[in-house]
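All ligand and atom numbering here is 1-based and tracks the order in the structure.
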Amino acid sequence: MSEVTKQVSPMFPTYARFPITMVRGEGSLLWDDQGKEYIDLMCGVAVTNLGHNHPRVNQKLKEQMDQLWHVSNLFNIPNQQKLAELLTANSCMDAVFFCNSGAEANEAAIKIARRYFQKIRGEERYEIVTCLQSFHGRTLATLTATGQEKVREGFLPLPEGFSYVPYNDIEAIRAAIGPKTCAVMIEMVQGEGGVRPAERAYLQAVAQLCREQGILLIADEIQTGVGRTGKLFAYEHYEIEPDIMTLAKGLGNGFPIGAMLGKEFLREAFSAGSHGSTFGGTPIATAAAIGVIETILSEGLAVKAFQLGEWSKNYLRTHLDEHPLVKDIRGLGFLLGIECTESVTVWVNEMHAAGVLVIQAGPNVIRILPAITIDQPLLETALSRIVAVLQRAKEQQPVI
Ligand SMILES: *Cc1c(COP(=O)(O)O)cnc(C)c1O
């Protein structure tokens, strides 16, 4: 059949793609194949937190690429050691397992939670409580952990041992914990689920409850971590200490890397041979992540993201005050959401046409994720374009 010209794409249609092809990026600017310029307020979904083509990260990566790419985890990898030291020195965590994605980091978290109880404590605990509207990944265990029906459709049977409770509802978690529960897995801000920050008193009560019940608190910081919310890790806003934390998205600024971090008492739950990954923490992936963490720390970028995030929230609240299509403007640091009264799909596309990139979080929320390196004038230009699209949408509303 080689003469037959294939009309269809050679790829599975897993993504509904925007009709735009990006060819170049510099800081918070992107250019498409038509030469059109965009201000990037989505960062490849919270990934390129330091912007595109970051000189310091690029240099680290290039130096390592000229030396050594991969040797396997059968050898010592000094960059892994160095990155793990950076991460543990700047968090409440003591040990790190490296992998390649968010879902893998959460798989590792689920596995270590189960193994800790089954091998170290000798207890029959394996159930994990997660929240409705959460997002934890696309592997079988992590899509089961995800509290959204739509990601599970057609993938039965699912692994056992997950239950779901409404977010920001402490009584619901209290009621869901039983003798088989080993952990609570939770996002500090629900990202995919509509940019919903956890309430302070709620997360503190969840942490307290986990301690009382002797179960583990797993913070999924895959979207909120690495400076995104105005702290290196979002749990710091809440003055709690999770037992396990997972990272991925922003950690390599676009170079794939994930990490599962745990407290000292969990160390022996992952004994030699109990878990592993061929590519986890290669010399090059860890070089990129070292560049990212060193840059954030030395340039105080998280603090800046918090200040500009608050400023953005005020800017949007001021300019969209009493806008009939806007229900709520919320977020933490540079993880911002504009909740609307109807689907935002059309407006998101209009914003792209206006030269500003944002994405949806659920049907009705416009999600704004600027690079933590963006400067205020460029940010203001981008936000003014968002406001302009929403003002036009208001004018086009039928008068009742
Ligand atoms: C994106 C995301 C994941 C999944 O990460 P992948 O790298 O796509 O596997 C898990 N949890 C949260 C909170 C996320 O935002």
J.: Counting non-hydrogen protein atoms only, what is the nearest one to atom 11 (N) of ligand 1? Give residue, atom name and distance.
T.: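 Protein heavy atom at minimum distance: D220 OD2, 2.8 Å.
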
J.: May I ask you to list the atoms of ligand 1 that are less than 4.0 angstrom from any heavy atom of G102?
T.: 5 (O), 6 (P), 7 (O), 9 (O)

J.: Are the charged groups of R200 and E239 less than 4.0 angstrom apart, N to O?
T.: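 The answer is yes: the pair qualifies as a salt bridge.
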
J.: Give the atom numbers and elements of ligand 1 that come within less than 4.0 Å of a heavy atom of E187.
T.: 13 (C)

J.: I'd like to check atom 9 (O) of ligand 1 in this structure: does the protein have a heavy atom lying under 4.0 Å from it?
T.: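 Given the 4.0 Å cut-off, atom 9 (O) of ligand 1 counts as touching protein heavy atoms.
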
J.: Looking at E149 and R152, is any side-chain nitrogen of the basic one under 4.0 Å from a carboxylate oxygen of the acidic one?
T.: yes

J.: Below 4.0 angstrom, N of the basic side chain to O of the carboxylate: do E85 and K82 qualify?
T.: no

J.: Does a salt bridge link K327 with E339, judged by any charged N lying under 4.0 Å from a carboxylate O?
T.: yes

J.: Is R367 salt-bridged to E192, going by a charged N under 4.0 Å from an acidic O?
T.: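 Answer for the salt bridge query: yes.
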
J.: Where's the contact between K249 and ligand 1, heavy-atom distance under 4.0 Å: side chain, backbone, both or neither?
T.: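 Within the 4.0 Å criterion, K249 contacts ligand 1 through side-chain atoms alone.
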
J.: Output yes when R392 and E395 qualify as a salt bridge under the 4.0 Å nitrogen-oxygen rule, no when they do not.
T.: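 No salt bridge links R392 with E395.
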
J.: Do any N/O atoms on F135 end up under 3.5 angstrom from N/O atoms on ligand 1?
T.: yes

J.: Output yes when R211 and D243 qualify as a salt bridge under the 4.0 Å nitrogen-oxygen rule, no when they do not.
T.: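 Salt bridge flag = yes for D243 with R211.
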
J.: Quick check on contacts: which atoms of ligand 1 are under 4.0 angstrom from a heavy atom of N106?
T.: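 Selected atoms, number and element: 10 (C), 11 (N).
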
J.: Find all atoms of ligand 1 within a distance of less than 4.0 Å from any non-hydrogen atom belonging to A103, and give their numbers and elements.
T.: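 Taking each heavy atom of A103 in turn, ligand 1 has 4 (C), 5 (O), 6 (P), 9 (O) under 4.0 Å.
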
J.: I'd like to check which ligand 1 atoms, numbered from 1 as shown, lie under 4.0 Å from a non-hydrogen atom of Q223.
T.: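 Numbered from 1, ligand 1 contributes 15 (O).
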
